[in-house]
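Working notes for the structure below.
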Amino acid sequence: MSLTPDDEARIASDLERYDELLPEYRRRIAELTDRLTTAITADDRIHLHAIEPRVKTRASLENKLRDKLDTDPEARIEDVLGVRIITYFRDDAVWVEQLVRDMLRVHEGTYADKAALLEDREFGYRSIQFLATMPWALDDEHLPTIIRERRKPAPLSPAVVEIQIRSILEHGWAEIEHGLVYKSGRPLPRPIRRRFALAAALIENADEQLEVIRDQLALDRPEPPVAEETDEQAVAGLIQRMIASDRVSRALDDQIAAALDLRLGRPMNSERDVERAVHVAMLDSRAKLERALAEQDGKLGLRMAIVCADVDRPLTRPDARHDPDEPVLAFPGIGIYWTALALLHAQEDRLWHFTAVGEGRLSEYRDIGRYLVEHPEESALGIRERYRRQAYPAGHAPESPHRLHLAP
């Protein structure tokens, strides 16, 4: 499709703005690179190989503007700035992402874990990437949080950056594939695609083996003295590692998302809510979490989600105020979350404050979890129907508990 004179004028205007902002683009990306380098190198958990900043060239921007106007005229260009963080080990990405989230304001709808999008038998491009805003570049820290979260930077803003996180082996594979495939512009014959998939599988295996070797070497040498970690911090780190790398946990996330017909995303506070559910259920070690995830052949969390989840409201905050225009999302760790809630009844004698869910709703979850554990063969859909007839209305669960009668 040929571009109209108005399209050409829009491209010229955007390129003129790019020329004006180029010194600030360079300043902001240098600032961010310095901050990331300082923070990452200070974190002993992360094995950093390189940080590669970039400012999109004028020619590259013009090509992208023309492509977007041809295929998606309403699309915004938000990746003028980019930073690629390359680590020696794939599981370092968990800590890098946590650090970046603490530093920047992530645009949640842009988050993609390319590895998580691959099916169990697929191998290919693996990288975490998302857009984020540098808050110090907007000078809006004086505004209320809810307003800051909803503000959209202007198109071509020098405050917005694309972040990519990958291991050094993933980086090598992606660069080679990009050079051989993407730039050729031709569809690949099936034998070549199979060879690329085989190479990706070998690289994934090599990444895993290097992590095993690193961990074994760490076990074989004395532990250096470290600052004492609180129980809550230790559990938070454990959960993050399991969400990122435990196949059982990730498979359960996918099963729940499919059963609820929700796409995976990163709703606000979801990670904190998972940590709190695990803490309240006293699943404070990897062994306990793995045993919990194995309950009922790995289906307890799935059955709990089917019975309890209201897909018209945020899954971890069913009684909070909700903007109906905000999409309801599944999230990494949703399997751990519902499994923990299914086991809350075992801690009924303990008094825990759970900010996200009031005591009235928690009492329902305890009754449902107990019933599911005691009736592993019963249909979750049937239990859901009986629960819905007795449940507190969504958004109105009081603090006072009430008992459910779930038997048919």
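Remember, it's a predicted structure, so these values are computed and weren't measured experimentally.
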Which atom pair, heavy atoms only, marks the closest approach of [X] to [Y]?
X: I336; Y: V278; value: CG2-CG2, 3.4 Å
X: F331; Y: V274; value: CE1-CG2, 3.6 Å
X: I383; Y: E378; value: CG1-OE2, 3.9 Å
X: L300; Y: A342; value: CG-CB, 3.8 Å
X: L169; Y: A206; value: CD1-CB, 3.8 Å
X: P135; Y: R105; value: CB-NH2, 3.3 Å

Heavy atoms from other residues, nucleotides or ligands near CZ of R27 exceed 12 (cutoff 6.0 Å) =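 Yes, CZ of R27 has more than 12 neighbouring heavy atoms, counting only those of other groups under 6.0 Å.
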Keeping [X] on the side-chain end and [Y] on the backbone end, is there a donor-acceptor pair under 3.5 Å?
X: R386; Y: L406; result: yes
X: S13; Y: A9; result: no
X: T87; Y: F89; result: yes
X: H375; Y: Y371; result: yes
X: S270; Y: P267; result: yes
X: T38; Y: R35; result: no
X: D7; Y: T4; result: yes
X: E31; Y: M134; result: no
X: R84; Y: A50; result: no

Separation between CZ of R303 and CD1 of I368, rounded to the nearest 0.5 Å |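 One finds 11.5 Å between CZ of R303 and CD1 of I368.
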Find the distance between CG (L61) and CG (L15) and round it off to the nearest 0.5 Å.
-> 5.5 Å
Salt bridge check, [Y] against [X]: does any charged N sit closer than 4.0 Å to a carboxylate O?
X: K56; Y: E62; answer: no
X: D297; Y: K299; answer: no
X: R388; Y: E385; answer: no
X: R54; Y: E162; answer: yes

Identify which one of R403, H345, Q390 satisfies the side-chain hydrogen bond (donor to acceptor under 3.5 Å, both in side chains) criterion when paired with D367.
-> R403
CA sep, side-chain torsions, deciding dist, call: E52, Q164, side-chain hydrogen bond (donor to acceptor under 3.5 Å, both in side chains) = CA-CA 10 Å; E52 297 183 349; Q164 288 186 354; over 6 Å; no
Report the relative orientation of the aromatic rings in Y18 and Y25; use parallel for angles under 30°, tilted for 30 to 60°, perpendicular for over 60°.
-> tilted
Test Y392 against E364 for side-chain hydrogen bond (donor to acceptor under 3.5 Å, both in side chains), laying out the working first.
-> CA-CA 9 Å; Y392 284 126; E364 295 179 348; over 6 Å; no
Check against side chain to side chain contact (heavy atoms under 4.5 Å, CB included), D79 and K64 = CA-CA 10 Å; D79 63 342; K64 189 159 189 176; 2.6 Å; yes
